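Structure record follows, encoded as structure tokens.
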Amino acid sequence: MTEGRNTEQELNSQLEEETVEEVFAENEASEQTEEVPDQEQDPAQLKIAELEAKLEDADNRYLRLQADFDNFRRRSRIELEASAKYKAQSVITDLLPAIDNFERALKMEVDNEQAKSLMQGVEMVYRSLLDALKNEGVEAIEAVGKEFDPHLHQAVMQAEDQNYGSNIVVEEFQKGYMLKDRVIRPAMVKVNQ
């Protein structure tokens with residue numbers, strides 16, 4: 001939703017810039033078609049024409065500067081919104097390998113009670129990390145059984161499995177994650193041919 005709004009704002013700003021440029025082009029064209037004052041005119045009239053030309057030039061420069069400043073302010077606001085939206089991206093990227101290690105540790109099978117209680121502690125830490133990431137807007141990318149999407153998945157292998165249709169993800173080697181609407185890390189997958 002916000003991405004669409006940002007795109008709409010960028011289009012509006014481009015249209016405004018083009019409109020400003022068209023106005024300036026029309027003004028310049030009208031300046032070129034104006035009659036050149038005759039040398040026989042009154043010197044006061046020549047001075048008035050010269051001052052009017054300078055004033056119009058100053059007005060044009062003022063309008064250009066104002067348009068440039070408005071565009072700068074708009075771009076700055078968009079960049080600020082994007083940086084606020086994705087402020088946690090670098091921290092999240094650094095935490096993903098730790099989450100992968102927790103998932104590997106949780107897959108281990110344990111026999112005795114001490115190891116089971118240790119695994120429960122590891123699982124609690126893992127769950128709290130996932131909850132913190134979810135609060136920041138991080139979601140795991142679902143892969144297995146879904147159609148391969150090059151924006152969300154990174155194919156590292158291909159398979160020929162009759163149980164799956166063509167171009168369907170068969171296996172996930174590493175989870176992928178998204179932060180709001182941006183892919184932080186694509187899922188590493190095996191895709192059916």
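This one's a predicted model, so the numbers in the text were calculated from it and none came from an experiment. Residues take their numbers from the sequence shown, with the count starting at 1. The figures here come from the full heavy-atom set of this structure, side chains too, leaving out hydrogens, waters and symmetry mates.
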*Are N101 and R104 close enough that some pair of their side-chain heavy atoms sits under 4.5 Å apart?*
yes
*Report yes if the side chains of Y177 and I92 come closer than 4.5 Å at any heavy-atom pair, otherwise no.*
no
*V122 and A105: which non-hydrogen atoms are nearest, and at how many Å?*
CG1-CB, 4.5 Å
*So how far is it from N60 CG to L65 CG, rounded to the nearest 0.5 Å?*
11.0 Å
Using residues 134-151 as the side-chain source, report each donor-acceptor pair under 3.5 Å to any protein atom, sequence neighbours left out, with the distance given to one decimal.
residue: N135; atom: ND2; partner: D131; partner atom: O; Å: 3.4
residue: D149; atom: OD1; partner: H151; partner atom: N; Å: 3.1

_Lys/Arg N to Asp/Glu carboxylate O, E50 vs K54, below 4.0 Å_ = yes
*Linking I/L/V/M/F/W/Y whenever their side-chain heavy atoms sit closer than 4.5 Å, directly or via other members, would F102 and L95 fall into one cluster?*
yes
*Starting at CG of N71, measure out to CD of Q66 and round the result to the nearest 0.5 Å.*
10.5 Å
*Can you tell me if R185 uses its side chain to pair, donor with acceptor, with the backbone of T93 under 3.5 Å?*
no
Show me, pair by pair, the donor-acceptor contacts under 3.5 angstrom made by side chains of residues 108-116, not counting sequence neighbours?
residue: N112; atom: OD1; partner: A115; partner atom: N; Å: 2.8

*Y62 and F72: same hydrophobic cluster, using ILVMFWY side-chain contacts below 4.5 Å?*
no
_All side chain to side chain contact (heavy atoms under 4.5 Å, CB included) counterparts of L130, not counting sequence neighbours_ = I99, Y126, R127
*Quick one: do L51 and L46 end up in the same hydrophobic cluster if we chain Ile, Leu, Val, Met, Phe, Trp and Tyr together by side-chain heavy atoms under 4.5 Å apart?*
no
_If hydrophobic clusters are built by linking Ile, Leu, Val, Met, Phe, Trp and Tyr wherever their side-chain heavy atoms come under 4.5 Å apart, do I168 and L152 end up in the same one?_
no
*Do D68 and R64 pass the salt bridge (charged side-chain N to carboxylate O under 4.0 Å, His left out) test, and can you show the C-alpha distance, the side-chain angles, and the key distance before you say yes or no?*
CA-CA 6 Å; D68 286 343; R64 286 181 191 266; over 6 Å; no
*Is there a chain of hydrophobic side chains (I, L, V, M, F, W, Y, each step under 4.5 Å between heavy atoms) that links V156 to V170?*
no
*Working to the nearest 0.5 Å, report the span between CD of E160 and OG of S166.*
10.5 Å
_I need the S76 OG to L80 CG distance, nearest 0.5 Å._
8.5 Å
*Looking only at heavy atoms, which two atoms of A187 and E172 are closest? And how far apart?*
CB-OE2, 3.8 Å
*asked:* Nearest 0.5 Å, please: how far is CD1 in I184 from CE in M178?
replied: 9.0 Å
